Amino acid sequence: MTTALDNRSVPVLEASGISRAFGQNRVLRDVSFSIGRNEILALVGENGAGKSTLMNIISGGLPQDEGRLSLDGAEYAPASPLEAMRRGVAIAHQETAIIPDLTVAENIFFGREPRGPLGLIRQQALHRSCAGLLDDLGFSVSPKRLGSDLSAAELQMVEIARAMSLEPRVLVLDEPTASLSSKAAETVVDLMQRLKARGTSIVFISHRLGEIMDAADRAIVLKDGALTLDAAAGEFSRDDLIQAMVGRKLSNIFPERPSSFEDTAPAIRLQDAGNAELPPVSLSVRKGEVLGVAGLEGQGQHELAAALSGARPFRSGTVEIDGKPTNLSSVARAIALGVASIPDDRKRDGLALTLPVRTNMSLFAIGRESAFGLLPLATEKRFTEEARDRFAIKAASLEQPVGELSGGNQQKVVFARWLAHTPKILVLAEPTKGVDIETKSEIYRLVSELTGKGVAVILISSDLLELIGLSDRIVTVYERRISAEIARADFSEEHIMRCATRHADEPAEVVHA
Amino acid sequence: MLNGSIRFNLLLALPALILTILLVVFTASLSSSFLSSANLANLTNRVLPLGMVALGEAIVLMAGRIDLSVGTIMSLATAIMALTVSSIGWLAIPLAMLAGVGAGLFTAAGVILLRINPLVMSLATAAIVKGVTLLLLPKPGGQVSYDFYALLFEGESPLGVPLLIVILVYGAFILLAGWTRFGRSIYAAGSDPRAAFAHGVSSARVDLQVYALSGALAALAGVFLSIRILSGDPLIGDAYTLDAVSAAILGGIALKGGRGNLIGVLLAVISLVLINNTFNLLQLDTNLQAIAKGLIFVAALVFFMRGKAGDAD
């Protein structure tokens, strides 16, 4: 640890008192930290804690409202990502900015292509120097492949290569391993170690506590925009990180729920149900039970949600609801059968952003409360006011366009719409993505309330803490198949992650750390 | 040389190449007069205006936009030529092109500032340009001096001046699209505007550039047309809009942007002119031609959409 201590004395990048608000929403409050030379700094925090905002400020994507940054002791106030790059700070984004119709090489050197006479791009030289760069970084991606052909891991590698091609002194990685399998994630962690050895300082955001314990020289934790932990390797444990992220013991944000369902009947049972996008899947959920679905991005969980909602119906196998064979052949039919699905992309699938809160909430009520297809205004008013109070929706008025509300309140509007009438089965996909912790615990309380009424819940989430805290049982999906079923007694982040990154018949990998 | 995305984009031009070869063989076998020098000259004279207007349209489509005003801009250019050549001589050509650029910038302004859908906005531009043209020149007339005709169609050149112009202009734009940072920014904006923005490409700037180019090239097409007919005609360009979009799609430019190569567009232009020529050689009803063109357009759309089904959104 002495080297780490020595490094602290020469910070490369220093941030002091950084604050930033978006409208009423204070995203960062007085955040100070520094990165030493050859240091890997892990930035940890829940969704919506302000991590990405902080990284954007450092890399010139956003200005801060208050506070100052310095680079090598000199004032550093980048007006654009380009200026930040010139000063030696490069960012590799989480949502990779790869242009699908250009090749890897064209993407990496976009805007910096080698040019010959007449300003014409030298394609040969471009692809050769890209091959050199990728070789140097130890990536096995061909520079000639199109962006649209790349896997999630390859996209991330190319994004990192793009940042590295600028030879930055500080490299910012925004959740580089979030969408990767554990093996691919290890490659990225290895790469960080190699870059560090070459003198690059690295800040990386991660949710994977294992890799933070492995790779980070120092960790800082953000909670609701404020710094709650800043410690060197060896001075913090996993529990410290979780404690600092959540700010209270897990049991406090997740409500207590009964845990035995031995004698309750299954509310929904799938037997080899599948369609063109989803290989046959079998599962059942009892009344009042929460079945968690864990998996890395794109392992089939969203196809499952789409099939359950009736949007992309099952084409084979059987579906039983309350023990009776039936089918979910359309969205209307699924709703009629009491299956409520709350989609993960509320902007695309769930809400009409430009319409008022009132209209958004009453959309689903039409047809149930209406007489002759008409919705009496008084009924709509009563209904929406009740819903607003029940779900504690914070809006200036019911006439405010939904798009102006915060993410958490938008999500509550979605819930209000779907839960106006208690469903039999509730399918939740990433219900707390991008919402603050307060809304989160309200959503958890709501789920508990519903299960108390006998609603069966299928919870699809990438947030392991949420799955562990809320589920009675967890199934993991890997490459569009269920790879394991885990009972509550065996819940742990490591075990779930392991199951979520291998096939059912594959032997468990040896896990280090 | 062809290492990058150009390689993939060239593949998209392959159907147009095959179609052109088939049509040449078919037409030549149909009629002995096809290969006569008079008919070949007639063909290149027709490739010239359609080639120019389709080139501009293709560039707009590559950026993920569309321009339905190009036909009316052609008409406007013929009117400007017919009305001003007698007084200002060759300066009428840059004047007409400036008017085309103006119309293009107007469309771009609506798309960028008012966020109007490009299809609708360019349709509005088309209505305005058509109105202006009819105010300037209510019916076919005016005069474009024979000197221009002589220079363009009777000039001394082994291939003929029109073909030379087509080759030079297309050559320049093929280099521009595939081998310059400017060209790459067009493909990038058309491929994924959000990703392009992250690479420092402003889609507003690309919109301005491609619509200005499209307006200029449509006006140039009108200039050549007015030289051929020695006068102006306020409605002559109308039919060219569909032909221009048709040629771009048939040439492998993706309707959603980001893909395609201009060589394919040139081949598609030649194909469309050959189809036209076949109808004439066979002395078929011209109304059948319009029907055939519409069907070819649909066929091209279906063909290329099927080819990309794998990554359709």
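It should be emphasised that the depicted structure is a prediction, and the values quoted were computed from it without experimental measurement. Order of the sequence lines sets the chain letters (A, B, ...), proteins ahead of strands, with each chain counted from 1.
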TODO: May I ask you to name which of Ser185(B), Ala188(B), Gly178(B) has the most heavy-atom pairs under 4.5 Å with chain A?
DONE: Ala188(B)
- [ ] Run the numbers on Arg112(A) and Ser165(A) for side-chain hydrogen bond (donor to acceptor under 3.5 Å, both in side chains), then give the verdict.
- [x] CA-CA 10 Å; Arg112(A) 297 175 290 124; Ser165(A) 71; 2.9 Å; yes
Open item on the list: To check you understand the geometry: which heavy-atom pair defines the closest contact between Leu102(A) and Ser5(B), and what is its length?
Closed with: CD2-OG, 3.6 Å
- [ ] Answer whether the closest heavy-atom distance between the side chains of Met164(A) and Thr200(A) falls below 4.5 Å.
- [x] yes
- [ ] Could you tell me whether the side chain of Tyr240(B) reaches within less than 4.5 Å of the side chain of Val70(B), counting heavy atoms only?
- [x] no
TODO: Under 4.5 Å heavy-atom distance to chain B, tell me which part of Arg122(A) shows up: side chain, backbone, both or neither.
DONE: neither
TODO: Below 4.5 Å from any heavy atom of chain B, which atoms of Leu126(A) appear? Answer side chain, backbone, both or neither.
DONE: side chain
Open item on the list: If I measure from the heavy atoms of chain B, does Pro81(A) come under 4.5 Å with its side chain, its backbone, both, or neither?
Closed with: neither
